[in-house]
Amino acid sequence: KPLSVIGVISVRGPGIDSNCLSMEKLGGKRLLDWTIEAACNAEKIEKVVLDTPDKEIFEYSKGLNNPKLIPIRRPVEFAKINTPIRATLLHALKNAEKVRGSKYDALFQLMIESPLRNSKHLDSAIRVMELFETDLVIGVRTENDIFYNHSGHGLCPINKSSQLRLERKDIFREVGSMRLFKVDNIKDNINLDNSKVGHVVLDQKASTRLASKLDWKFAEFILNNDI
């Protein structure tokens with residue numbers, strides 16, 4: 001059945017995280033704007049919470065005047081480095097459900113470090129959860145390289161190669177800075193290690209994550225050359 005989905009974008013801001021580049025320009029737009037636009041343009045996301053303790057980011061997001069966007073101020077204690085993300089998500093969810101007047105079925109956690117995934121990727125993830133009734137949906141890339149474990153006597157391949165490969169034997173890497181949760185799992189603090197996890201495969205562009213200056217240059221090159 002169709003799910004009611006709330007999107008949550010959490011941004012600490014430079015006041016707490018000196019490495020936060022949310023207001024820096026990338027491809028003519030602020031880094032923050034890329035994820036806001038992707039979430040607000042997704043047909044299956046009902047509302048989007050922009051959750052931040054930073055006054056400048058809060059006022060900026062309010063000034064966008066996007067009817068789908070709900071900017072809220074996050075308590076500083078929920079924004080400290082190494083604070084579990086669950087407290088932040090529950091804070092955002094509580095505010096969103098208060099505005100809605102009823103509960104949501106799923107929460108889409110979106111980080112701004114992957115600006116090149118778009119609304120179609122987000123809608124695809126929601127369709128996966130609706131169709132397969134998963135507990136969690138993530139973005140992934142298939143890894144075709146050979147990986148090894150150290151056995152104590154030397155290196156052994158994790159997944160021995162063969163001419164015919166089955167998808168269930170592939171190795172996937174989580175990408176896209178996106179996680180779609182069932183709300184009840186977050187509220188009940190359920191361990192998702194053994195849960196039913198669905199996935200959407202992202203291409204190299206969409207999976208670009210800004211973890212270094214080189215990544216930023218790579219993203220600028222993609223955007224400047226319309227790749």
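Note: hydrogens, waters and symmetry copies are ignored here, and every other heavy atom, side chains too, is used. The model shown is predicted, which means the values in this text are computed figures rather than measured ones.
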Hey, does the side chain of N149 reach the backbone of I158 with a donor-acceptor pair shorter than 3.5 angstrom?
no

D54 and Y60: side chain donor to acceptor below 3.5 Å:
no

Within a strict 4.5 Å, meaning less than it, do heavy atoms of the L214 and F218 side chains meet?
no

Side chains of L93 and I186 in contact at under 4.5 Å (non-hydrogen atoms)
no

Are L110 and L90 in one and the same hydrophobic cluster, where Ile, Leu, Val, Met, Phe, Trp and Tyr link if side-chain heavy atoms are under 4.5 Å apart?
no

Do H150 and L155 have side chains that get closer than 4.5 Å, going by heavy atoms?
yes

Residues 89-129 vs ring-ring contact (aromatic ring centres under 6.0 Å, His included), sequence neighbours excluded, gives F78-H91

Contact between S61 and L69 at the side-chain level, heavy atoms closer than 4.5 Å - yes or no?
yes

Do D51 and R74 have side-chain heavy atoms sitting under 4.5 Å apart?
yes

May I ask you to check whether over 12 heavy atoms, not counting those of K29, lie within 6.0 Å of atom NZ?
yes

Compute whether any side-chain donor of one residue and acceptor of the other, for R117 and T208, lie under 3.5 angstrom apart.
no

Are L107 and V49 grouped together when hydrophobic residues (ILVMFWY) are joined by side-chain heavy atoms under 4.5 angstrom apart?
yes

Close side-chain approach of V183 and K103, heavy atoms under 4.5 Å
no

State, to 0.1 Å, how close P53 and R73 come at their nearest heavy-atom pair, and which atoms those are.
O-NH2, 3.1 Å

Exactly one candidate in I112, L21, L26 meets side-chain contact (heavy atoms from CB on, under 4.5 Å) with L210; the answer is L26

D184: side chain to side chain contact (heavy atoms under 4.5 Å, CB included) partners, not counting sequence neighbours
D188

With the side chain counted from C-beta on, respond yes when S114 and M178 share a heavy-atom pair under 4.5 Å apart, and no when they do not.
no

Can you check whether L223 reaches W34 side chain to side chain, under 4.5 Å on heavy atoms?
yes

Considering the options R141, R179, R209, which one meets the salt bridge (charged side-chain N to carboxylate O under 4.0 Å, His left out) requirement together with E174?
R179

Quick check: does any side chain N or O of N118 sit under 3.5 Å from a backbone N or O of K120, one acting as donor and the other as acceptor?
yes

Whether E97 and K187 form a salt bridge (side-chain N of Lys/Arg under 4.0 Å from carboxylate O of Asp/Glu) is what I want to check.
yes

